[in-house]
Amino acid sequence: MVLELSSRLFLSDLCIKTADTFKTFEQCGEAMEYELDKMAEERGNLFHDSDVPPLWPPSAESRVPVHPANAGTTNHSIATIVAPVLIPAFHEQPYDSICAEAIQSGRYNNASYLCYCHETVVPAIIYMPSFQLAQALGHARTLPLAIGQHGSLACILGLRWLERLLHKDNTSHAVLAIIDQTVYPFSRRHWDGYLKADMAMWCRVSSQGGEFEVLSYASRPAYLATDMFHWSSDDYDQAIDGLVQQLESSVKQGEHAQTDLMIVQHVSAKWISQVERIAAQTGISLYQRSEWTEVNGLGSDPFLTLQEAVHTGAMVYGQTALLVFASVDYGIGLIRIRRNFEPACSQVDK
C-alpha cells in the first residue's frame, strides 16, 4: 500500500560507493570447482543445530559447473554464467572507507539519527554495525537504527522510521545508509538473475528541504510459499512474475501513473524485459543506466541509476521519478520523488 507522509521528507547529498576493485564471478571466492571440497567440509559445522538445510555450498555430487555460451546442456536449478561479468566486491567490511569519505565531505555531521539498512554478514552475533558506523562517523549523540532481513526493500521501512522521527523533531536531520555485501555462505549467483554486487549508498534525510522530495513510498509483497532453499529455476521465474504483476498494478493506479521517469533495480533479464513492456504501455519513460547493467546492486541499485540519470541530464528539475526496488523473496518497493533544485556539489565514489 502507498503510505501517506505525515510531513514532508527530502533526500540530498546522495553518494554511491562501489568497491575499489572489480573481479569476475570466478575470482570472487564463490563455490567454484577449485574450492568446493573445502567448503563442503565446512558445511556441516556451519549449519549444525540449525533449522537451515545445508544446501549451500552444494555437495560434490550436485556441483553445477559454469557452462560456456555454446554448451549443449545446463542444469536449470542454478543459473549458468555465459560470459565474464565484472562485479564490484568489497573484500573487507566497507565501513572504514565509507566513514572516511563521509567525514571528509562534512555534509553528514551532527545527524540526530542514523538509519543503517543492510544485508551483510557481521563478524560476530554481538557486533552491531549501526553503532559501529555511528561511532566511526564521530556521531556521539546520534541515535543509530539498523534494518536487516528485508532484502532490497529495507530502505522503505527506513524512510518510514525516519519520517516519524523527523516529524517529532523537525529541526534535525538524519543519515540513511544502505550497505550490502555478499559473502559466504551466501552466493552471488541467483538462478537466472543477474549476479549480486556489493554496493553502498548514503544520503542526508530532512523534513526541511533537499534536492529530492519524497512524494510517496510503498511496499507490495510478492513471494512464493515454497521454501527458497528448495527453489528451482522455474520457481525463480514464478517469483519474477509476481514482481512484474505487482509493478504493473501499481503503475496503473493513482499518482504513479503520472510519473515522468521510471528507475528499476536490475534483477534479471526477464524482469527488465517485462519492465520495458510496462513502461511502453503506460507511457512512462524508463531510464536504464549505462554501467553495471548486468549486476544487481541490491538496495543501492536504483540510487546508482538515479545518480547517473541526474548526471546525464535525463532527470531535470521539476521532474518526478519512480524508484522501483525488487526482491524475489520480499516483493517490490516504490519511492516516488521529485527533483527540486541543483545541489552545490555532487559525488559518486568508485
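Worth knowing before you read on, the calculation uses all heavy atoms, side chains too, and leaves out hydrogens, waters and symmetry mates. This is a predicted model, so every value here is computed, not measured.
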Contacts of type salt bridge (Lys or Arg N to Asp or Glu O under 4.0 Å), residue [X], not counting sequence neighbours:
{"X": "D241", "result": "K270"}
{"X": "E308", "result": "none"}
{"X": "E248", "result": "K252, R277"}
{"X": "R204", "result": "none"}

Name each donor-acceptor pair under 3.5 Å that joins a side chain in residues 322-331 to protein atoms two or more places apart or in another chain, with its distance.
unit_1: S327; atom_1: OG; unit_2: D329; atom_2: OD1; d: 2.5
unit_1: Y330; atom_1: OH; unit_2: Q149; atom_2: O; d: 2.6

Donor-acceptor contact present, side-chain [X] to main-chain [Y], <3.5 Å:
{"X": "N296", "Y": "V267", "answer": "no"}
{"X": "D198", "Y": "F90", "answer": "yes"}
{"X": "W231", "Y": "T226", "answer": "yes"}
{"X": "D180", "Y": "G299", "answer": "yes"}
{"X": "S273", "Y": "A269", "answer": "no"}
{"X": "Q319", "Y": "V316", "answer": "yes"}
{"X": "T142", "Y": "A111", "answer": "yes"}

Is any side-chain heavy atom of [X] closer than 4.5 Å to a side-chain heavy atom of [Y]?
{"X": "I16", "Y": "W202", "value": "no"}
{"X": "S207", "Y": "R8", "value": "no"}
{"X": "V310", "Y": "F212", "value": "yes"}

Query raised in the report: Hey, what do you get for CZ (F303) to CG (L11), rounding to the nearest 0.5 Å?
Result: 6.5 Å
Output all residues satisfying side chain to side chain contact (heavy atoms under 4.5 Å, CB included) with [X], sequence neighbours left out; order by chain, then residue number.
{"X": "S250", "value": "R220, H256, I332, L334"}
{"X": "E276", "value": "I272, L286, Q288"}
{"X": "A314", "value": "Y287, A309, T312"}
{"X": "L145", "value": "L143, W161, L165"}

Tell me the closest heavy-atom pair linking [X] and [Y], and the distance in Å.
{"X": "P88", "Y": "R188", "value": "O-NH1, 4.1 Å"}
{"X": "S268", "Y": "Y236", "value": "CB-OH, 4.0 Å"}
{"X": "P221", "Y": "Q246", "value": "O-NE2, 2.5 Å"}
{"X": "C117", "Y": "L176", "value": "SG-CD1, 3.9 Å"}

Report task. Please lay out, stage by stage, how V205 and Y113 fare under the test side-chain contact (heavy atoms from CB on, under 4.5 Å). Result -> CA-CA 9 Å; V205 183; Y113 311 101; over 6 Å; no
Quick one: list whatever passes side-chain hydrogen bond (donor to acceptor under 3.5 Å, both in side chains) with [X], sequence neighbours left out.
{"X": "T305", "result": "R289"}
{"X": "D260", "result": "T320"}
{"X": "S112", "result": "S172"}

Requested in this report: Could you give me the CA-CA distance, side-chain angles and deciding distance for K196 and V295, then say whether side-chain contact (heavy atoms from CB on, under 4.5 Å) is met?
Outcome: CA-CA 6 Å; K196 299 176 184 177; V295 298; over 6 Å; no
